[in-house]
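Only one structure is covered here, and it is reproduced in the block below.
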Amino acid sequence: MEKIPLQDVRNIGIIAHIDAGKTTTTERILFYTGVIHRMGNIDDGNTTMDWMEQEQERGITITAASTACTWKNKRINIIDTPGHVDFTIEVERSLKVLDGAVVVLCACSGVQPQTETVWRQADRYNVPRLCFINKIDRLGASFDRVIGEIHERLGANAAAINFPVGAEDAFKAIVDIIEEEYITYKDEQGLEMERSPVPAELQDQLKAYKRKLIERLADVDDAIAEKFLEDQPINAEELHAGIRRAVIKSAFLPVLGGTSLRNRGVQLVLDAVTYYLPSPLDLPPVVGIDPNTHEKVIRKASESDPFSALIFKIATDPYVGKLFYTRVYSGKLTSGSEVYNSSAEKRERVSKIVVMHANKQEIITEVTAGEIVAFVGLKESKSGQTLCDPEKKIVLESMKVPEPVVSMSIEPKTKADQDKLGLTLRKFLDEDPSLRVAYDHETSQTIISGMGELHLEIIVDRMKREFNLHTNVGRPEVAYKETITQKVLNIEGKYISQTGGRGQYGHVVINVEPAAEKGKGVEFVDKTRGGSIPREFIPAVEKGIIAGSLTGVLAAYPTTDYVVTLVDGSYHDVDSNEMAFQLAAKIALKEGLQRGKPVLLEPIMDIEVSAPEEYMGTVLGDLTQRRAKIVGTGSRANLKVSRCEVPLAEMFNYVNALRSLTQGRATFSMEPAFYAEVPKFVAEKIIGARSEASGARKH
């Protein structure tokens, strides 16, 4: 692999709602940059980035695939991410390590719920973005309407830097606003672009777009603002520089239009990536923690700084074993070198370094700061962990992993495959942090939990295809949780056992109160004074609280969103030990949960339904019966759009119900929003069904 200066490297992601055209856009990028010589199509199942069998069959992206290409002497490392909400972890971990992103929007559907999710994820990691409004040639396309939605729904400071001439079947050219050029294509594949002066009939439109662009830029860039206020002309070079400065600060969103499927406008997106999105040198240095001193440490994007890198994804390759996708932030590393995993406190050896091109590998001998590669040969490392120089240690911030919302039981079809199931699930857990596996001792079942029905369906399908493991699965169930609604003080938990010889003694006093902030999980605070419990037993108390929180008192669901404060206790010089304090803490917590007026919580989904006007009344009637709360209605092109919050429990198999209600003419998208209290009449049914099922299994 040819070495390219760091200022000429771009690490970007392609992010969007499902079906906006991310993979098609990436396919065109690879074609125009010479990486592939024939363009594949989603419908034919032959695109480069969707290489998994399940992706080709379903026509959706499931796993984030990375590749690299070169455009105008700039090296672009690209990650094509999924749009489906069930695979949101793939977007999360990709954005954690990227320097910039191209947000693809559909010119017909505009800003959809999953677009808002990926936008918030990009905000969380402060990723500079530009936007490509795709499918300008489709029925109902509107470039200006989508820009309006970007302002309203994403709150972005956006303006067009080019605009399409015509829409739907009448789409015929693109106007470059900055260079003031009229761009047409001579061939079907979009390889030959012709630039000419903008025709007279489009001059007024060009001036209006250009004024809007300069106004939006002037709000966030001093140099442009100065010239704008003094009414001085601003040339193309100054505009390019101003846009770049504002994009790097995440203060401005340049918007481009085109159609990837018809090969129009993709090269202009590539130009914008090289002009405006940052190189690793344009961004602040990465900040981590020294594991020994717990003080902040900074690593610059430079070969001369000590080596630091973050593993953001693990995949299993049938030939080389595990591939550890890694973003290198500083320093350099040669294959065969030893590194230190500061998150796991283990030394590791990198036997091979590869650059990934979807599922194909290009072996390289050395990697330097700013690159995204895959390591082979690591034994103990996991996703989200830091690799660093063994002598200059640093721990980088890991990524946020969403909570699972759907669970189902799984068991092998034959007893002989029981061990194989455990090993296979361990491999999937290494790859996918949003997957959870638990063993229910009460029912003797293995329970897998994930982000949705499709997520778990794909896991089961991959077990069969990749590991020849056939399983029986239970019906998907909602991942309910339990919490308390009332503060309870001075709850005692005592564990005393005397069975001959040395006894056991643990005694704790705790307060339990609802958390001020939802979604925080279980928090433990130690406020003991005067050595009532020796310091060495405090971690054991916390361990007991965490273990006890996994089983609630209403229906044995995991508990969340409360604070446990250890205020007092006592110990015995001889009989006290860690296990006794762990058990005492569990006893106290159970008592606290019972007295804290416990309630069930259920995942609420944000759903957006688009349907022709004549069907919308029927659709909303059906959603109301599903306990939906309607939060907004509107129109998009010739369709009515409704936004609702609906409990996930009411939405299983909704796709078939919606088809039959609307003769297949409606579409919907859904994503997890928050957990909310289950109404009393529903909670009673859930608790009753849970205890019945538990009793039936015992008999």
Can any side-chain N or O of E345 pair as donor or acceptor with the backbone N or O of S342 at less than 3.5 Å?
no
Compare every heavy atom of V286 with every heavy atom of L396, then report the nearest pair and how far apart it is.
CD2-CG2, 3.8 Å
Are any side-chain N or O atoms of S576 and backbone N or O atoms of H572, one a donor and one an acceptor, separated by less than 3.5 Å?
yes
Indicate yes or no for a side-chain donor-acceptor contact from E645 to the backbone of D606 under 3.5 Å, with no hydrogens or angles considered.
no
Could you check whether any side-chain heavy atom of E608 comes within less than 4.5 Å of a side-chain heavy atom of Q112, counting everything from C-beta outward?
yes
Please check if atom CD in E397 has more than 12 non-hydrogen atoms from other residues, nucleotides or ligands closer than 6.0 Å.
no
Step by step, work out the side-chain contact (heavy atoms from CB on, under 4.5 Å) result for I448 and M408.
CA-CA 6 Å; I448 59 173; M408 69 184 184; 4.1 Å; yes
What I'd like to find out is whether the side chain of T618 reaches to under 4.5 Å of the side chain of T662, using heavy atoms alone.
no
Between E457 and R462, is the closest basic N to carboxylate O distance under 4.0 Å?
no
Start with the C-alpha gap between L623 and V646, add the side-chain angles, then the distance that decides, and say whether side-chain contact (heavy atoms from CB on, under 4.5 Å) holds.
CA-CA 8 Å; L623 282 168; V646 198; 4.3 Å; yes
Does Y571 reach the side chain of P534, with side-chain heavy atoms less than 4.5 Å apart?
yes
Please examine the side chains of E295 and I289, heavy atoms only from C-beta on, and report whether any two atoms are closer than 4.5 Å.
no
Please round to the nearest 0.5 Å and tell me the distance separating atom CD1 of I630 and atom CD1 of I607.
11.0 Å
As an exercise, state the distance from OG of S497 to CE of M579, rounded to the nearest 0.5 Å.
12.5 Å
Looking only at atom types and distance, does a side-chain atom of R129 sit under 3.5 Å from a main-chain N or O of V127, one as donor and one as acceptor?
yes
With a sphere of 6.0 Å drawn around OH of Y340, does it hold more than 12 non-hydrogen atoms of other residues, nucleotides or ligands?
yes
Pairwise side-chain contact, P558 with R436, heavy-atom cut-off 4.5 Å (strictly under)
no
How long is the straight-line distance from CZ of R626 back to CZ of F652, given to the nearest 0.5 Å?
11.5 Å
Do the ring centers of Y654 and F668 come within less than 6.0 Å of each other?
yes
Under 3.5 Å: donor-acceptor pair, side chain of E542, backbone of F524:
no
Between I604 and A676, what is the shortest heavy-atom contact and its length?
CG1-CB, 3.7 Å
Using side-chain heavy atoms (C-beta onward) and a distance below 4.5 Å, is S398 in contact with K96?
no
In terms of heavy-atom contacts, does CZ of R120 have more than 12 from other residues, nucleotides or ligands at under 6.0 Å?
yes
If you look at every heavy atom in V509 and E492, which pair is closest and at what distance?
CG2-CG, 3.9 Å
One thing to verify: whether K313 and D430 come together as a salt bridge, which I'm taking to mean a side-chain N less than 4.0 angstrom from a carboxylate O.
no
Considering all heavy atoms of both residues, which atom of G493 and which atom of I587 are nearest to each other, and what is their separation?
CA-CG2, 4.2 Å
Is the backbone N or O of S549 less than 3.5 Å from a side-chain atom of T559, with the two atoms forming a donor-acceptor pair by type?
yes
Could you check if a side-chain atom of Y125 sits within less than 4.5 angstrom of a side-chain atom of V97, using non-hydrogen atoms only?
no
What distance do C644 atom SG and K629 atom NZ have between them, rounded to the nearest 0.5 Å?
11.0 Å
So V525 and V564, side-chain contact (heavy atoms from CB on, under 4.5 Å) or not? Walk me through it.
CA-CA 6 Å; V525 181; V564 178; over 6 Å; no
T551 side chain to Y557 side chain, donor-acceptor N/O pair below 3.5 angstrom:
no
Can you tell me if K590 has over 12 outside heavy atoms packed within less than 6.0 Å of its NZ?
no
Between V678 and I686, the two heavy atoms sitting closest are CG1-CD1, 4.0 Å
Quick check: does any side chain N or O of S449 sit under 3.5 Å from a backbone N or O of P404, one acting as donor and the other as acceptor?
no
What's the verdict on side-chain contact (heavy atoms from CB on, under 4.5 Å) for R643 and T633, showing C-alpha distance, side-chain angles and the deciding distance?
CA-CA 6 Å; R643 190 110 182 239; T633 53; over 6 Å; no
State the OG1-CG distance between T483 and D561, to the nearest 0.5 angstrom.
5.0 Å
Heavy atoms only: give me the nearest A515-V563 pair and the separation to one decimal.
CA-CG2, 4.2 Å
What's the separation between atom CD1 in I314 and atom CG in L429, rounded to the nearest 0.5 Å?
11.0 Å
4.5 Å side-chain heavy-atom contact, I510 and N490:
no
Does K464 NZ have over 12 foreign heavy atoms under 6.0 Å away?
no
Judged by modelled atom types alone, do H507 and D568 share a side-chain donor-acceptor pair under 3.5 Å?
no
Aromatic contact between F467 and F428, with the criterion being ring centroids under 6.0 Å apart: yes or no?
yes
If we ignore hydrogens and angles and just use 3.5 Å, is the side chain of E482 paired with the main-chain N or O of V553 as donor and acceptor?
yes
Is N511 reaching over with its side chain to a backbone N or O of E513, donor-acceptor style, under 3.5 angstrom?
no
Excluding sequence neighbours, so at least two apart, what forms side-chain contact (heavy atoms from CB on, under 4.5 Å) with A438?
none
Using only atom types and a distance under 3.5 Å, with no angle test, would you say the side chain of S381 pairs donor to acceptor with the backbone of L378?
no
Tell me whether K393 is salt-bridged to D290, with the criterion being a basic N under 4.0 Å from an acidic carboxylate O.
no
Could you tabulate the donor-acceptor pairs under 3.5 Å formed by side-chain atoms of residues 593-600, not counting sequence neighbours?
{"residue": "R595", "atom": "NH1", "partner": "E591", "partner atom": "OE2", "Å": "3.4"}

For N577 and Q504, test the side chains for any donor-to-acceptor distance below 3.5 angstrom and give the result as yes or no.
yes
